[in-house]
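Single-structure report; data block below.
For clarity, every value in this text was computed on a predicted model and none was experimentally measured. If you read the sequence from its start, that first residue is 1, and numbering goes on from there. As the structure lists them, so they are numbered: ligands from 1, and atoms in each ligand from 1.
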Amino acid sequence: MQPAAAGGQGTDKVDAIAAAKLRGLPQIQRLLDLPATQPLIAQYSHPRVSAALRQVLARLRAELLDAASNIEIPDTPALVARAAAELAGARQPGLRRVINATGIILHTNLGRAPMAAEVAAAVADIARGYCNLEFDLATGARGSRTAAIEALLRALTGAPAALAVNNNAAAMLLALSALAQGGEVVVSRGELVEIGGGFRIPDVIQQGGARLVEVGTTNKTRLADYRAAITPATRVLLKVHQSNFRIAGFTEATPLTALARLAHEHGLLLVHDLGSGALRDAARPARPGETTVADSLAAGTDVVAFSGDKLLGGPQSGLLVGRGAAIDPMRHHPLLRALRLDKLCLAALEATLLLYQDDRDGALPVPRAMAQGAESLRARAEHVAARLGPIARIEASIGFAGGGALPGEGIASFAVSLNQPGISPEQLAARLRAHRPAVVGRIADARLLLDMLTIDDSDLAELVAAVREAVGPCAM
Ligand SMILES: *Cc1c(COP(=O)(O)O)cnc(C)c1O
């Protein structure tokens, strides 16, 4: 093939070759009339098959015109087959099930918390028909969308008031908009965090119409720093969970109780963005010092905001609990309408909170995964490795809670590492991602690891089948 030389005869020659090739492209109508095309038309309709063929030809035309390419025009059955693949691909849902073998329990890219079977059933039940979303069945009058959730949150946390919105970022935006608009919010420099996905505390404060006042230093913020920053414009003292990072060593943070006292002495509110929000002590074995929602409230915090789909193990949501005087302004803020939860999420959240109320939170996948012992993880790895034969090895591994929960605290786990001569770890990972359901592992030190921390026993058969298919029959 001629290089695409600049100007002169070289270009003319390339153009002549391309033109000759383009003349060889079949007409759309000829492809539509082929016997092989008729079943496609029956399945997808004439206009859709026609559009798919047009797309296949357009791509081919572009490839033929690319001077660097050296391709030939495929025969007509091959072109029809390409269109068929195109149409079949368009029918695949973009959102697919994934088996999480990363060892990160709350993986934001993989949808964070999986739901318990009975939570999913509650969602399916509400999804199929009408429901009393904003209808009081006792009186027949209009009802509150979140009354049931609020009652559960009050009972579970001991807070006098509660509210639920779309996610914790929305909860913080609503809290600061309703409580600090036009005023100042005091935050420690050590807590000006970016959670990922562009959620930065300074930006949220600004969006909420408040002014950020930074106090202390990255590693040390004392009560006196907060006190010195209070002015007549101050509305809120804000405490933010450091979530996805940890400053180790020479550090000092002001205790919540002292912050709450200071806020109340000055008629201010203490708002706590707890991030992950452990309702119970599930997180404590992994990290004894972790503050739970109840701990924060007991320390005197006016509003605690936390995610529903992190350690809590429910659907994506942002939960707000605290004093009535602090929650009520949010209830009447116009933003609430834009941040409200939909019925499917409400169904999932209520079913999740009911499991907590019944002391059955062990039925939720996230608390259950957090509580697994290393021995059961090793047994799971042995089960998988035994079915995969010589390509598999069992290794000790470190998993993580993830989602900004318990940063820096690894969870002892076991992984199955795969080694198939002739297939690179990257190739193997790509094949597993292409499988249905997709399997996502992690590559470390040039080998592919399947971490058992995030594998449910109900995933095992599919996981083994996916690996067998990915490595091919020769290996087994
Ligand atoms: C995760 C997190 C958020 C954001 O919560 P979403 O529910 O993802 O919106 C906010 N603040 C902290 C401290 C977090 O850890």
Side-chain angles (χ1 to χ4, degrees), residues 104-115 149 153 162-177 179-180 185 187-208 210 212 221 236-247 253 256 259 270-279 283 286-287 289-293 295-296 301 303-322 330 335-336 338-342 345-346 348-349 352-353 366 370 400-409:
I104 298 168
I105 296 173
L106 296 166
H107 199 304
T108 298
N109 301 150
L110 300 183
R112 286 199 191 152
M115 289 182 197
I149 297 290
L153 284 171
L163 199 57
V165 291
N166 247 317
N167 50 36
N168 190 31
M172 287 306 297
L173 180 62
L174 179 62
L176 293 171
S177 301
L179 304 176
V185 176
V187 195
S188 160
R189 284 202 171 83
E191 298 171 5
L192 291 173
V193 298
E194 168 161 346
I195 307 302
F199 179 85
R200 290 178 174 193
I201 288 296
D203 297 340
V204 177
I205 292 172
Q206 196 190 357
Q207 275 299 318
L212 167 71
T221 305
V236 162
L237 302 187
L238 178 62
K239 179 85 185 157
V240 183
H241 193 286
Q242 287 175 334
S243 285
N244 45 9
F245 77 108
R246 169 128 305 143
I247 298 169
L256 272 177
L259 265 187
L270 176 61
V271 174
H272 189 183
D273 176 3
L274 193 51
S276 206
L279 264 191
R287 179 139 178 268
E290 189 64 22
T291 305
T292 64
V293 175
D295 291 339
S296 181
T301 304
V303 176
V304 186
F306 55 104
S307 292
D309 57 347
K310 290 188 182 170
L311 283 179
L312 186 89
Q316 179 190 304
S317 49
L319 310 176
L320 291 146
V321 296
M330 300 185 219
L335 255 185
L336 181 62
L339 306 177
R340 72 185 186 182
L341 289 166
D342 81 295
C345 186
L346 280 167
L349 187 54
T352 303
L353 294 175
V366 170
M370 294 289 299
F400 293 95
L406 319 178
E409 307 292 327

ask   = Under the 3.5 angstrom rule, does the side chain of T301 hit a backbone N or O of S296 as a donor-acceptor pair?
value = yes
key: Exercise: identify the closest heavy-atom pair between S307 and L312   = O-CB, 4.1 Å
message = Restricting to non-hydrogen atoms, name the atom on L212 and the atom on P202 that form the minimum distance, rounded to 0.1 Å.
response = CD2-CB, 3.8 Å
ask   = Which atoms from ligand 1 have a heavy atom of H241 less than 4.0 Å away?
value = 13 (C)
query = Which ligand 1 atoms are under 4.0 Å away from a heavy-atom of S307?
reply = 5 (O), 6 (P), 7 (O)
message = Regarding atom 11 (N) of ligand 1: of the candidates D273, L173, V165, L319, which has the closest heavy atom?
response = D273
message = Under 4.0 Å, counting heavy atoms only: does K310 come that close to any atom of ligand 1?
response = yes
query = Touching ligand 1 at all, R112? Heavy atoms, strictly under 4.0 Å?
reply = yes
request  = Check each heavy atom of K239 against ligand 1 and say whether those closer than 4.0 Å belong to the side chain, the backbone, both or neither.
outcome  = neither
ask   = Among V321, L238, L320, which residue meets the side-chain contact (heavy atoms from CB on, under 4.5 Å) test with V303?
value = L320
Test of proximity, N168 against ligand 1: N or O pairs below 3.5 Å = yes
inquiry  = Between ligand 1 and A169, is the shortest N or O to N or O distance under 3.5 Å?
reply    = yes
inquiry  = Under the rule for side chain to side chain contact (heavy atoms under 4.5 Å, CB included), what residues qualify as partners of L339, not counting sequence neighbours?
reply    = V165, A170, L174, L335
request  = List the steps and the verdict of side chain to side chain contact (heavy atoms under 4.5 Å, CB included) for N166 and Q316.
outcome  = CA-CA 7 Å; N166 247 317; Q316 179 190 304; 4.2 Å; yes
